[in-house]
Amino acid sequence: MALSRVCWARSAVWGSAVTPGHFVTRRLQLGRSGLAWGAPRSSKLHLSPKADVKNLMSYVVTKTKAINGKYHRFLGRHFPRFYVLYTIFMKDVTKCLFLGIISIPPFANYLVFLLMYLFPRQLLIRHFWTPKQQTDFLDIYHAFRKQSHPEIISYLEKVIPLISDAGLRWRLTDLCTKIQRGTHPAIHDILALRECFSNHPLGMNQLQALHVKALSRAMLLTSYLPPPLLRHRLKTHTTVIHQLDKALAKLGIGQLTAQEVKSACYLRGLNSTHIGEDRCRTWLGEWLQISCSLKEAELSLLLHNVVLLSTNYLGTRR
């Protein structure tokens, strides 16, 4: 009895506080049950701030890539010579960025000079190499990418049974056989395989992970990235080369200097340091004839052309 009186008195004294609290709690419970029973007051779905920021960043990145692609196509179409210089300049700036970062601390510029002296191939662009260094270093780089050539040919042989068309299977088998025997393939031998490299199994998006890694090494690109990033980087790199090819074809090979011709050949897979200028111009003409005949969906063939067209050219095996 005493306990019940105490409880009654406490509720009487604090009734004004207990009742609203009970009412608010009850309202919250009813509100939650209303949401649970599918009676929302608004049909709009509000995303979290993190999701909004993520969507905004994705939109900005997509638009930036689209604008950058249009800008590159505009330069390649209307200003071919400037586009070639612009591409070379951007590559040189990227290589010098590391030196600029490590030279920021006080007195670090002395360390930069020492590193450039000890590692000229890794830290200096080719414009600062001596003539002997240019020949030696380009031979080293070409040896790196040439190591992946047999691996790429073996991957092409492995996918031959997956090609549905019997004629294309025979043509690809014949091309691989010619390359392995030391024969330089003709232009029509390569262009006859355009359909093979536009869809399964040799389309850009259908290549296997190990195949993509080998192609990355053949293009002197790092292969220590996840396959989706490697595939995207190869696609971007091949697209840039394709645009450069169109610009060069419009400009004309005859407008290029001997050094520009050799640089263009080396970028596309040929070790031009040991080949004469006339031979380089002939090979570059063959490359441009193939490249300018390809559509965007067939760029996987242009990527493999780094191996197909450069192998066994004039008996060179360097």
Side-chain angles (χ1 to χ4, degrees), residues 69-70 72-88 90-91 142 145 149 152-153 156 168 171-172 175 178-179 184-199 202-205 207 212 215-216 218-221 231-257 260-272 275 277-314:
K70 291 181 179 179
H72 277 260
R73 287 191 293 271
F74 173 79
L75 289 180
R77 189 179 304 112
H78 297 283
F79 306 99
R81 180 177 286 274
F82 174 76
Y83 182 65
V84 174
L85 296 176
Y86 169 78
T87 306
I88 296 175
M90 291 303 297
K91 290 183 178 180
H142 186 72
R145 62 185 180 185
H149 289 189
I152 293 173
I153 298 300
L156 292 179
L168 292 177
R171 289 181 180 276
L172 185 55
L175 179 64
K178 285 182 178 179
I179 291 176
H184 180 68
I187 295 177
H188 62 84
D189 292 333
I190 297 176
L191 286 179
L193 296 169
R194 294 169 59 174
E195 185 180 350
C196 255
F197 290 85
S198 60
N199 47 40
L202 291 173
M204 189 73 78
N205 295 325
L207 297 175
V212 171
L215 287 170
S216 297
M219 297 295 290
L220 293 179
L221 300 174
R231 194 185 310 274
H232 173 74
R233 192 176 186 186
L234 278 176
K235 190 181 301 184
T236 303
H237 196 74
T238 309
T239 301
V240 170
I241 292 180
H242 191 223
Q243 293 171 355
L244 280 171
D245 292 340
K246 292 181 178 179
L248 282 176
K250 185 176 181 180
L251 178 65
I253 300 178
Q255 300 296 322
L256 301 180
T257 64
E260 289 173 340
V261 170
K262 286 181 173 289
S263 297
C265 291
Y266 192 89
L267 174 66
R268 290 156 178 81
L270 182 68
N271 190 7
S272 54
I275 302 177
E277 178 187 346
D278 293 338
R279 302 290 190 179
C280 289
R281 290 184 185 273
T282 302
W283 185 89
L284 185 58
E286 294 180 3
W287 174 282
L288 294 182
Q289 185 175 344
I290 294 173
S291 178
C292 294
S293 301
L294 300 178
K295 301 177 182 178
E296 186 175 354
E298 302 166 341
L299 289 185
S300 178
L301 177 56
L302 185 64
L303 178 60
H304 286 80
N305 205 34
V306 172
V307 178
L308 299 177
L309 195 63
S310 64
T311 304
N312 307 324
Y313 181 62
L314 300 177

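Any value given below was found using the heavy atoms of this structure, including those in side chains, with hydrogens, waters and symmetry copies removed. Because the structure is predicted, anything quoted here is derived from the model rather than measured.
Contacts of Val306 classified as side-chain contact (heavy atoms from CB on, under 4.5 Å), with partners at least two apart in sequence or in another chain: Met219, Trp287. Glu277 pairs by the side-chain contact (heavy atoms from CB on, under 4.5 Å) definition with Ala258, Arg281, not counting sequence neighbours. Partners of Thr282 under the side-chain contact (heavy atoms from CB on, under 4.5 Å) rule, at least two apart in sequence or in another chain, are Glu286, Tyr313. Applying the salt bridge (charged side-chain N to carboxylate O under 4.0 Å, His left out) criterion to Arg194, with sequence neighbours excluded, gives Glu298. With sequence neighbours excluded, the residues that form a salt bridge (charged side-chain N to carboxylate O under 4.0 Å, His left out) with Arg268 are Asp245. Remark: Ala297 engages no residue in a side-chain contact (heavy atoms from CB on, under 4.5 Å) (not counting sequence neighbours).
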Intermediate values then yes/no, side chain to side chain contact (heavy atoms under 4.5 Å, CB included), Ile241 and Leu299: CA-CA 10 Å; Ile241 292 180; Leu299 289 185; over 6 Å; no
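Counting heavy atoms from C-beta on, the side chains of Leu172 and Leu202 come closer than 4.5 Å. Side-chain contact between Leu156 and Leu308 is present, with heavy atoms from C-beta onward closer than 4.5 Å. Within the 4.5 Å cutoff, side-chain heavy atoms of Leu309 are placed close to those of His184. Within the 4.5 Å cutoff, the side chain of His149 has heavy atoms near those of the Ser310 side chain. Leu207 has its side chain out of reach of Phe197: every pair of non-hydrogen atoms, C-beta onward, lies at least 4.5 Å apart.
Side chain of His142 to main chain of Leu270: no donor-acceptor pair is present (N/O by atom type, distance under 3.5 Å, no hydrogens or angles). Judged by distance alone, with hydrogens and angles left aside, the side-chain atoms of Glu260 form a donor-acceptor pair with the main-chain N or O of Thr257 at under 3.5 Å. A donor-acceptor pair under 3.5 Å is formed between the side chain of Lys262 and the backbone N or O of Ile275. Of the possible donor and acceptor atoms, none in the side chain of Thr238 sits under 3.5 Å from a partner among the backbone N and O of Lys235.
Rounded to the nearest 0.5 Å, atoms CZ (Arg233) and CG (Leu221) are 5.0 Å apart. Here the CD1 atom belonging to Ile179 is positioned 5.5 Å from the OG1 atom belonging to Thr311, to the nearest 0.5 angstrom. For the atom pair SG of Cys196 and CD1 of Ile190, the computed distance is 13.0 Å after rounding to the nearest 0.5 Å. Taking CG of Leu215 as the reference point, atom CG of Leu303 lies at 4.5 Å (rounded to 0.5 Å). Considering CG of Leu301 and CE of Met204, their distance stands at 10.0 Å, rounded to 0.5 Å. Considering NZ of Lys250 and CD of Gln255, their distance stands at 13.5 Å, rounded to 0.5 Å.
Nearest approach of Leu191 to Ser293, heavy atoms of both residues: CD2-CB, 4.1 Å. Between Cys292 and Ala249 the shortest heavy-atom distance is SG-CB, 3.7 Å. For the pair Asp189 and Lys178, the tightest heavy-atom approach, listed with the atom from each and the gap, is OD2-NZ, 3.1 Å. Considering every non-hydrogen atom in both Arg145 and Leu267, the closest pair reads NH1-O, 4.5 Å. For Leu168 against Ala192, the heavy-atom pair with the smallest separation is CD2-O, 3.6 Å. Residue Cys280 comes nearest to Ser272 through the heavy atom pair SG-CB, 3.7 Å, listed as atom of the first residue, atom of the second, then distance.
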